[in-house]
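Heads up: the structure comes next, in structure tokens.
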Amino acid sequence: MISEEEARKEILEAIRPLPARKLSVSKSLDFFAAEDYFARLQLPTFDNSAMDGYAVVATSCKKGQRLRVIGEQPAGIDRKLGISSGEAVRIFTGAPVPRAADAVVMQEDVTRDGDEIVINVDVEAGEFIRRRGCDLSEGQRILAKGERIRAATTALLASQGFAEVTVGGEVKAAILSTGDELVTPGGKLEPGQIYESNSALLNGLLKRCGAVVDFVEHCRDDRESLIEAIGRGIKNHILIISGGVSVGEHDLVKAALRDLGAQIDIWRVAIKPGKPFLFGCVKQRAPSPQSSPSGRERRTRSAGEGSVLGSECLVFGLPGNPVSAFVTFLQFVRPAILKMMGATDLDLPQVPAKLSVDLTNDSDRAHYIRGRVDHGMFTPVGRQESHALFGLSQSNALVRLALGQSLSADEIVQVQIWD
Ligand code: AMP
Ligand code: MG
């Protein structure tokens, strides 16, 4: 059994980012930038009006002042107008400010009288003018390599005239659940059976970190069936197998992986919940030359080509207990996927929170406590046992207790947030 830190280090060392490619900005949401981007234009690009109203010279604008309207400046065209004291230009939001004008008066603060206006407020220089460059300077970094592209990032790139952005790869993931006792939801439960729920959990977690789930299968605890199912699953960048990695007679995943020639780098990690965690890699089978270039085969091939390790698939064997699968996914699989996609920050977001109770870890493994953070207070939720899915569903955060660590109520700790 190795420590959690060693396991994470070993997994991340085995991973290289997928090749970068260009995407249209509109399709780049939630990918990671593969290079730094810098502003080509200052923002705003020219002084413009923040309101529909009248451009004026502030010094000639006392309340009650009468001004002559000498022209109109709409948005979208620069009429190169200029004004002097005692004059105004009808102006609209986003329109270039006329030369010598240094304020805009909102139309609501003006009474129009033919080709004159009366100003109903005092006016200060600079009012309702958006100065060029006040938001962003030319050359300023707008997106860092490894940063996630968010909705506002796509808008910023678009505002700079970028139609495309170079991003990291997209991870194609397969999910294989195992267990004779499991029934697919919708089916009928016989005594002793339970519904299969880890596929739903893993599908959600994979999507949340940006992976594409291309393959979901369930397999009985039977070595031959496992070998076949794993053989299909490894045609993706990563394969996540749930269950069957422990030490019982029905835990056949390790043996099946060995039969397929897998290299198993990690088995059993000092983490609670989640000890029987497995990490390794398997060579993907080359697609047969006669196979039709349609459907699954075509998808399979591109997944193989895109894989960092050439024709290898990374395999994560997660314990079948839902909470163990959840915790090991977040601590080991998530950072691996993010690294493959080219992310810089591989950690879950952390926030400080005050503990509502004392917490002690007297086990021989790092312990992740599931709980809820609300208004800066962390409270453990539900039974802290690896099968307790309801408690997990009510929680939104994890507190990590190192070996032998004790924390007291009211202490401020760093809490990992996943929702
Ligand atoms: P295993 O790791 O295969 O020994 O499974 C440990 C526990 O998790 C057992 O109680 C299983 O019934 C349960 N389990 C395994 N796989 C799943 C799954 N896909 N959905 C729900 N429970 C599961
Ligand atoms: Mg099992």
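Values below: every heavy atom of this structure, side chains too, minus hydrogens, waters and symmetry copies. When a ligand or atom number is given, it counts from 1 through the structure's own listing order.
Aromatic rings of F326 and W418 (six-membered ring for Trp) have centroids within the 6.0 Å cut-off, being under it. Ring centers of F279 and F332: at least 6.0 Å apart, outside the cut-off.
The shortest N/O to N/O separation between S199 and ligand 1 does not fall below 3.5 Å. Geometrically, ligand 1 and V245 share no nitrogen or oxygen pair separated by less than 3.5 Å. The shortest N or O to N or O distance between G244 and ligand 1 is below 3.5 Å. In terms of polar-atom proximity, defined here as any N/O pair under 3.5 Å, S246 makes no such contact with ligand 1. Between S177 and ligand 1, a contact under 3.5 Å exists for no N or O pair.
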Inset, instruction - Test D214 against K172 for salt bridge (Lys or Arg N to Asp or Glu O under 4.0 Å), laying out the working first. - result: CA-CA 6 Å; D214 245 7; K172 293 196 167 59; 5.4 Å; no
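Of the possible polar contacts, one joining the T178 side chain to the G243 backbone as a donor-acceptor pair under 3.5 Å is found.
Residue contact check: Y195 has heavy atoms under 4.0 Å from atoms 21 (C) of ligand 1.
For atom 6 (C) of ligand 1, the closest heavy atom belonging to the protein is N321 N, 3.7 Å. Remark: minimum distance from atom 11 (C) of ligand 1 to any protein heavy atom is reached at E181 OE2, 3.0 Å. N198 ND2, 3.3 Å is the protein heavy atom nearest to atom 17 (C) of ligand 1. For atom 19 (N) of ligand 1, the closest heavy atom belonging to the protein is E196 OE2, 2.8 Å. Taking atom 21 (C) of ligand 1 as the reference point, the nearest protein heavy-atom neighbour is S197 OG, 3.3 Å. Scanning the protein for heavy atoms near atom 4 (O) of ligand 1, the closest one is D251 OD1, 3.7 Å. Scanning all protein heavy atoms for the shortest distance to atom 14 (N) of ligand 1 gives G320 O, 3.3 Å.
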Report all side-chain donor-acceptor pairs from residues 91-100 shorter than 3.5 Å, counting only partners two or more places apart or in another chain.
unit_1 : atom_1 : unit_2 : atom_2 : d
T93    : OG1    : D52    : N      : 3.3
T93    : OG1    : D52    : OD1    : 3.2

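By the neighbour-count criterion of 12 heavy atoms within 6.0 Å, atom CZ of F46 is densely surrounded, having more than that number from other residues, nucleotides or ligands. In this structure, H250 places its NE2 atom where only 12 or fewer heavy-atom neighbours from other residues, nucleotides or ligands lie under 6.0 Å away. The 12-atom threshold is exceeded at CD of E35, counting heavy atoms of other residues, nucleotides or ligands nearer than 6.0 Å.
Residue contact annotation: S242 has a non-hydrogen atom under 4.0 Å from ligand 1.
In this structure, I238 CD1 and C281 SG are separated by 13.0 Å, a value rounded to the nearest 0.5 Å.
Residues passing the salt bridge (Lys or Arg N to Asp or Glu O under 4.0 Å) test with K207, sequence neighbours excluded: none.
Among T178, I194, L202, V323, the residue whose heavy atom lies closest to atom 22 (N) of ligand 1 is I194.
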